[in-house]
Trainee: 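My questions all concern the structure below.
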Amino acid sequence: MRSSWYGKPSLVFSHRPPFNWLVFGVVSIFVLIVLLGCSSSSAFDSVTASVGHNIYSSYGRLHEQAVNDYLQLKNLGANHVNDFGLCGKERENYVPCYNVSANLLAGFKDGEEFDRHCELSRDQRHCLIRSPKDYKIPLTWPSGRDVIWSGNVKLSKDQFLSSGTMTKRLMLLEENQIAFHSDDGMIVDGIKDYSHQIAEMIGLGSDIEFRQAGVRNILDVGCGFGSFSAHLLSLNLMAVCMAAYESTGSQVQLALERGLPAIIGNFIARQLPFPSLSYDMVHCTQCGILWDDKDGMFLIEVDRVLKPGGYFILTSPKSRHQGSSVGSKRGSISTPSEEITQKLCWNLLAEQEETFVWQKTVDSQCYASRRQGIPLCNGEDGQSYYRPLAQCISGTTSKHWIPIQNRSSGSLTSAELEVHGINPEDFSEDLDFWRSALRNYWSLLSPLIFSDHPKRPGDEDPIPPYNMVRNVMDMNAHYGGLNAALLEAGKSAWVMNVVPTGERNTLPFILDQGFAGVLHNWCEPFPTYPRTYDMLHAKGLLSHLASEKCSMVDLVFEMDRILRPEGWVIISDNIGPIERVRTLVTQLRWEARVIDLQNGSDQRLLVCQKPFVRK
Ligand SMILES: *[C@@H]1O[C@H](CO)[C@@H](O)[C@H](O)[C@H]1NC(C)=O
Ligand SMILES: *[C@@H]1O[C@H](CO)[C@@H](O)[C@H](O)[C@H]1NC(C)=O
Ligand SMILES: *[C@@H]1O[C@H](CO)[C@@H](O)[C@H](O)[C@H]1NC(C)=O
């Protein structure tokens, strides 16, 4: 009966202070006057900053602001250590854990200085990442896929005019906009032909047949500006861009700005945050990785994440000195040697011009048959979070060892659910729950919810652009039910399904449904650029994190960092943690409202919107 949890329309908004607005306004003004008379303190500075200089765009309401300031004041008064001001301009594109100079100082070298080292960027001071001066709210999907505001991303004109890879050449600059030519545009951009070529090399008539051939998800390593991913998405495939952290001209930032799935990640010293046998295809076009390095460890890692029968596509100039920054420095080769692909039991299906297509074996016995082969890893692998790259073959004894060609092309069969240990009844009940939850969530995504006559769950959808929601992150995704409901409802959103470490590892199931997903420890920052998600959703995450003993303040600041201005947050949890977070987020200047589901439980929804603070 979970689907009826919004049944009763009456709601209690515990957001309000328990006395009337007029009295409240007078009180808060009085408090301000008293403070103005006092000697200055850090709390005082922070309050005047938020009252004096920031103009809240589009829906700022004075009395709401007074409430926020009052709460902020009250809390800062009680606790002088907090100073939630804006960070400096140098942090506009700040990604924690990727401080190369700190990594070098700590002795990391040979590429490891570009890796993620969270232990070296523990932030003492909490500040809010500000938007660039010329930041503009992105255009809605699908316009935003083809045109972005150049002020929103860190990219200079020179950078993209000089860059020459196939995927990068497609950009044009128009005043303050960057335009990408989409599939259906007038210009034949080469991407379609390329995709078609890959399909043919696999033995398909055209790229429309990828899905029938068992391909649902693709890991696109080093995705340029995301145009290949954009094309694959239009074919109903989930392509996730993954590239190393770049301080300027980031591929991941650009892809996300276009509303395409992307995450920071790299092949250096550790395994990718995905389980074994996760992807149907791994693709690299001049992605700058030296595949023969480290005795083929990177290829072994590709093999680990590939499903049996899956494909590795590599497009790379055969001249063995190519122009990628890492490659040219070390003069190494970027196409794997036959020796190693042999040991990996990969079959070279085709080679055309600069493109190679290998297929992973479907036979788990194959590895043992190779002379001087690579040993099998010991035991089933659990969570591949922060595990060092391994010189062994994974997954051969897994119950997930199922060739992609053997999978049903439609929705998951009960046999497939069983492989994941999921009871079909639980699964369909879960989906029912999310269908109804989504309907209600969606109707709440409007600034109206914060007004005097707030929207209630079930009210009609707000008019665009207020509900511009494309990049969604489900911070505690479980089976990926929110993602499934969004798809079913035909919303033009994609979801980064995050499975927190320490929770049941449902990521293989999420990926098998053709969704994007990743393992992540929420006690650490998420590997993405600031302002990259339109909506963050977290059901039960706060309760989970309470047992992990990490800082809720850190978490909320991290959410603020990755949320774009005017982006939404929906948190669903027990009343205790919800109240604590509500107090915190009002200090971060978010609009926030607690919704009592009135179903007799102590579950609450916290709906928030991050303001657009221009400075
Ligand atoms: C009330 O709704 C919440 C929604 O998150 C649900 O988890 C809970 O089980 C419901 N409680 C009852 C008693 O129906
Ligand atoms: C990176 O590390 C260096 C050296 O520890 C430090 O001076 C600098 O402030 C750090 N940068 C950021 C953005 O945290
Ligand atoms: C996959 O399908 C082939 C042909 O239908 C069959 O021979 C093989 O046993 C199947 N493999 C698995 C693991 O189900």
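Order of listing sets the numbers, starting from 1, for every ligand and every atom in it. Hydrogens, waters and symmetry mates are skipped; everything else that's a heavy atom, side chains included, is used. As the structure is a prediction and not an experimental result, all values here were calculated from the model.
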Trainee: CG of Asp554 to CG of Leu545: how many Å apart, nearest 0.5 Å?
Mentor: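 The CG atom of Leu545 is 11.0 Å from CG of Asp554, to the nearest 0.5 Å.
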
Trainee: May I ask you to check whether Phe312 and His283 place their ring centers less than 6.0 Å from one another?
Mentor: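 No, the ring centres sit 6.0 Å or more apart.
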
Trainee: Looking at atom 7 (O) of ligand 2, tell me if a protein heavy atom falls under 4.0 Å from it.
Mentor: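 So atom 7 (O) of ligand 2 lacks protein heavy-atom neighbours under 4.0 Å.
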
Trainee: Kindly identify the option in Val95, Leu105, Asn99 whose heavy atom sits closest to atom 10 (C) of ligand 2.
Mentor: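 Looking at heavy atoms only, the winner is Asn99.
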
Trainee: Tell me: protein heavy atom nearest atom 13 (C) of ligand 2, and distance?
Mentor: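 It is Tyr94 CE1, 3.8 Å.
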
Trainee: So is Glu90 close enough to ligand 2, meaning a heavy atom under 4.0 angstrom away?
Mentor: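 Judged by the 4.0 Å heavy-atom criterion, Glu90 does not count as contacting ligand 2.
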
Trainee: Specify whether Phe450 and Trp568 have parallel, tilted or perpendicular ring planes, treating 30° as the upper limit for parallel and 60° as the lower limit for perpendicular.
Mentor: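 Aromatic pair Phe450/Trp568 classed parallel.
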
Trainee: For residues Phe267 and Trp291, establish whether the separation of their ring centroids is below 6.0 Å.
Mentor: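 Under 6.0 Å, so yes.
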
Trainee: Report yes if the distance between the aromatic ring centroids of Phe114 and Tyr245 is under 6.0 Å, otherwise no.
Mentor: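 Ring centroids of Phe114 and Tyr245 are no less than 6.0 Å from each other.
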
Trainee: Measuring from atom 5 (O) of ligand 2, which candidate in Ser247, Cys87, Gly88, Ala102 has the nearest non-hydrogen atom?
Mentor: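 Going through Ser247, Cys87, Gly88, Ala102 one by one, Ala102 has the nearest heavy atom to atom 5 (O) of ligand 2.
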
Trainee: List ligand 2 atoms under 4.0 Å from Arg91, heavy atoms only on the residue side.
Mentor: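 The atoms of ligand 2 under 4.0 Å from a heavy atom of Arg91 are 14 (O).
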
